Number of protein chains: 2
Amino acid sequence: MTVPLSTPVGHRGYADVRIRAVRDRPRQPGEEAPHIALSASERAELGRLAQIIDFRTAGSLIFPQGGDANFVYLLRAGLVRICHSLRNGERQVVAFHWPGDLFGLTEETKYVNSAETVTPARVYRFQAAKLESFLLKNPKIQDRFLIKAIHDLRHAQRQIIVMGRFDIPRRLGIFLIDCSAHETYFDQSTRVLTVPMNRYDIADYLGTSAETVTRAFTRLERAGLLRRVTARAIELKPEKLKTFVNFE
Amino acid sequence: MTVPLSTPVGHRGYADVRIRAVRDRPRQPGEEAPHIALSASERAELGRLAQIIDFRTAGSLIFPQGGDANFVYLLRAGLVRICHSLRNGERQVVAFHWPGDLFGLTEETKYVNSAETVTPARVYRFQAAKLESFLLKNPKIQDRFLIKAIHDLRHAQRQIIVMGRFDIPRRLGIFLIDCSAHETYFDQSTRVLTVPMNRYDIADYLGTSAETVTRAFTRLERAGLLRRVTARAIELKPEKLKTFVNFE
DNA sequence: CGCGGCCTTGAGCCCTATCAAGGCAAGTGG
DNA sequence: CCACTTGCCTTGATAGGGCTCAAGGCCGCG
């Protein structure tokens with residue numbers, strides 16, 4: 001039996017669990033900023049439940065839409081897109097996930113969306129049933145999961161606002177600003193964003209077409225809000241962009 | 001000091017807590033279908049934490065966007081819209097809430113959106129800090145809140161798909177089908193939906209304008225998918241509508 | 001060096017936003 | 001009981017943003 005290139009790679013050893021979310025109330029003095037505080041022992045306990053899986057290639061399928069949902073996933077490294085395919089073949093990218101994000105939304109034991117890697121990625125995988133019973137015994141950790149779910153809900157509602165009331169150049173501007181929050185892809189000193197996904201991914205996330213995304217780039221560039229060093233390396237003018245999109 | 005008509009009315013007595021959500025796994029034989037199972041004692045415990053408030057008029061403000069977020073709300077009766085206002089004055093209706101729904105999303109102790117009644121409504125109000133510490137001591141109830149949050153997340157992602165990939169007539173069709181799930185407003189025998197919100201609310205929910213909503217109604221009617229008995233009483237052809245929207 | 005995937009640009013058309021006006025129904029005051 | 005107001009709904013005309021189809025350019029890789 002041969003192993004295709006996209007086959008995930010399992011690992012031994014304990015997972016180092018970190019969850020990305022912002023509390024709904026001000027952070028405590030010692031609390032880690034963009035990630036939720038888990039104590040060392042909590043992380044260790046959770047880590048023992050997790051299975052580590054590496055996806056070595058971009059475009060790997062983590063789980064398919066409609067597939068049996070036995071696992072909940074936590075992204076440790078890399079970038080993941082969550083896609084929903086419609087009957088007519090159109091696709092909506094429901095979310096991009098960055099390190100620290102949980103994913104694997106289900107309905108009636110089936111995954112609602114598919115999850116695919118945008119870059120090579122490492123994920124932690126939890127058996128759903130085991131995780132649920134574990135959380136019931138660990139209210140403090142369960143509380144973190146609740147906070148994370150609410151964080152994601154807030155983000156989804158924000159995306160509804162963006163899709164409902166902003167034209168495409170503005171949606172793109174908001175998207176680029178969001179991307180620039182991730183240091184792996186944004187160089188603070190040069191202000192160059194290395195866009196990890198292609199125009200189709202961006203288009204399907206913003207509810208438009210790849211051509212229109214390109215045209216939006218062109219317009220933002222002409223307006224002096226960014227500069228395309230290459231198609232995937234974008235030098236941003238964050239202040240001007242924020243003024244232009246006029247959101248939050 | 002006079003009491004404006006829209007003033008909420010407080011009540012004594014215990015709240016009867018019911019949370020509307022679908023589990024992510026098949027329901028147990030005895031489990032109540034569209035609502036989450038809470039035992040009588042759990043409901044009683046939660047009920048003791050709640051304050052009951054009645055809003056007697058449509059259009060009452062429950063809390064404002066940007067206001068200090070001290071409470072989490074649970075809708076017991078009536079209909080509530082969650083609105084987000086943009087700097088340019090445009091408005092996006094982020095969600096409609098039906099009985100059993102929780103609302104009051106916050107960020108940094110401020111409400112992210114405003115909440116307003118669409119009909120007279122009764123809500124239960126929980127002090128956020130008290131509720132959180134209560135949930136930490138009651139993992140089973142906390143689990144229900146987590147399930148509810150995930151339920152709402154799923155719904156928000158679904159709305160992203162709708163706004164990203166469906167034209168306005170189809171969005172309206174999906175919306176009407178969703179409304180018809182609520183027996184208070186949909187007469188199963190006559191198939192007449194009493195739409196509780198006006199064209200502007202619908203428009204701001206679907207990411208369009210009131211005129212376009214009317215035009216979408218006209219088109220659906222011409223196609224024989226519904227019949228406007230009055231502007232607010234719509235006789236649906238559910239099967240035809242579902243075929244037309246071709247979603248889920 | 002040639003191929004394939006991705007990005008960009010152009011042309012034409014359609015859907016939807018916007019502006020404008022008229023209709024309808026409920027509520028108010030004379 | 002009727003004129004009047006007001007909020008909501010509907011329809012028309014027009015303009016424009018974005019989609020679709022098409023073609024050409026770029027770049028990394030085998």
Side-chain angles (χ1 to χ4, degrees), chain A residues 5 57-59 81 86 88-93 116 118-119 162-173 175-176 193-223 226-234 244-245, chain B residues 5 57-59 81 86 88-93 116 118-119 162-173 176 193-223 226-234 244:
Chain A
L5 265 180
T57 57
R81 67 170 173 258
L86 301 177
N88 62 10
E90 285 189 281
R91 183 185 79 149
Q92 178 68 36
V93 173
E116 295 150 21
V118 176
T119 68
V162 171
M163 312 246 310
R165 293 292 156 207
F166 287 81
D167 62 16
I168 307 294
R170 259 166 267 263
R171 290 187 212 177
L172 179 60
F175 174 70
L176 294 173
L193 175 72
T194 305
V195 183
M197 61 291 277
N198 67 30
R199 299 295 189 256
Y200 293 91
D201 287 339
I202 298 174
D204 288 346
Y205 180 64
L206 300 181
T208 182
S209 64
E211 295 93 328
T212 301
V213 169
T214 291
R215 281 186 249 271
F217 267 115
T218 306
R219 287 187 47 185
L220 296 184
E221 188 164 31
R222 273 210 260 272
L226 55 78
R227 191 171 66 84
R228 278 176 289 189
V229 183
T230 72
R232 299 287 193 98
I234 314 293
F244 169 70
V245 303
Chain B
L5 267 180
T57 57
R81 67 171 171 259
L86 301 177
N88 63 9
E90 286 188 281
R91 182 185 79 148
Q92 178 68 35
V93 173
E116 298 151 19
V118 175
T119 67
V162 170
M163 312 245 310
R165 293 293 156 206
F166 288 81
D167 61 17
I168 307 295
R170 259 166 268 264
R171 289 186 214 178
L172 179 60
L176 294 174
L193 174 71
T194 305
V195 182
M197 61 291 277
N198 67 29
R199 299 294 189 255
Y200 293 90
D201 286 339
I202 298 174
D204 288 347
Y205 180 65
L206 300 181
T208 181
S209 65
E211 296 92 328
T212 300
V213 170
T214 292
R215 281 186 249 271
F217 267 116
T218 305
R219 287 187 47 185
L220 296 184
E221 188 164 31
R222 273 209 261 270
L226 55 77
R227 190 171 66 85
R228 277 175 290 188
V229 182
T230 73
R232 299 289 194 97
I234 314 292
F244 169 71

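Nothing here was measured: the structure is a model prediction, and the numbers come from that model. So that the names make sense, note that chain A is the first sequence line, chain B the second, and so on, each numbered from 1.
To the nearest 0.5 Å, atoms CZ (A/Phe166) and CG (A/Leu206) are separated by 12.5 Å. Rounding to the nearest 0.5 Å places CZ of B/Arg215 at 11.0 Å from CZ of B/Arg222.
Residues that satisfy the side-chain hydrogen bond (donor to acceptor under 3.5 Å, both in side chains) test with A/Arg171, not counting sequence neighbours, are absent from this structure. Scored by the side-chain hydrogen bond (donor to acceptor under 3.5 Å, both in side chains) test, A/Arg227 finds A/Glu235 as partners (sequence neighbours excluded). With sequence neighbours left out, A/Asn198 forms a side-chain hydrogen bond (donor to acceptor under 3.5 Å, both in side chains) with no residue at all.
Direction change of the helix axis from one end of the helix from C/dC1-D/dG30 to C/dG30-D/dC1 to the other is 30°, with five pairs defining each end axis (rounded to 10°).
Atom CG in A/Asp167 sits about 11 Å away from atom P in D/dC19, given to the nearest Å. Between the CZ atom of B/Phe166 and the P atom of C/dC15 there is a distance of 17 Å, given to the nearest Å. As rounded to whole Å, 13 Å separates atom C1' of C/dC15 from atom CD1 of A/Ile168. Whole-Å rounding puts the A/Asn88 CG to D/dT20 P distance at 10 Å. Between the CG atom of B/Leu172 and the P atom of C/dT16 there is a distance of 12 Å, given to the nearest Å. What separates CD of B/Glu90 from P of C/dT16 is a distance of 17 Å, to the nearest Å.
Residue A/Ala210 comes nearest to A/Ala203 through the heavy atom pair N-CB, 3.4 Å, listed as atom of the first residue, atom of the second, then distance. When all heavy atoms are compared, the tightest approach of B/Pro196 to B/Val118 is O-CG1, 3.5 Å. For the residue pair B/Arg228 and B/Ile234, the shortest heavy atom distance occurs at CG-CD1, 3.5 Å. For the residue pair B/Arg81 and B/Asp201, the shortest heavy atom distance occurs at NH1-OD2, 3.0 Å.
One finds a side-chain N or O of B/Thr208 lying less than 4.0 angstrom from the OP1 or OP2 phosphate oxygen of C/dA17.
A/Arg199 places no side-chain N or O within donor-acceptor distance of the main-chain N or O of A/Glu211, the cut-off being under 3.5 Å.
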Is there any protein nitrogen or oxygen under 3.5 Å from a nitrogen or oxygen in nucleotides 6-10 of chain C, and what are the pairs?
| residue | atom | partner | partner atom | Å |
| --- | --- | --- | --- | --- |
| C/dC7 | OP1 | A/Arg232 | NE | 2.7 |
| C/dC7 | OP1 | A/Arg232 | NH2 | 3.4 |
| C/dC7 | OP2 | A/Arg199 | N | 2.8 |
| C/dT8 | OP1 | A/Arg228 | NH1 | 3.0 |
| C/dT8 | OP2 | A/Arg199 | NE | 2.8 |
| C/dT8 | OP2 | A/Arg199 | NH2 | 3.1 |
| C/dT8 | OP2 | A/Thr214 | OG1 | 3.1 |
| C/dT9 | OP2 | A/Thr218 | OG1 | 2.9 |
| C/dG10 | N7 | A/Arg215 | NH1 | 3.0 |
| C/dG10 | O6 | A/Arg215 | NH2 | 3.2 |

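If you check every strand for non-hydrogen atoms under 4.0 Å, A/Gly59 touches nothing.
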_Contact letters for nucleotides 25-30 of chain D, in which S counts primed atoms plus P, OP1 and OP2 and B counts the base, heavy atoms under 4.0 Å_ = ------
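Among the candidates B/Thr214, B/Val213, B/Leu220, the single residue satisfying the side-chain contact (heavy atoms from CB on, under 4.5 Å) test with B/Phe217 is B/Val213.
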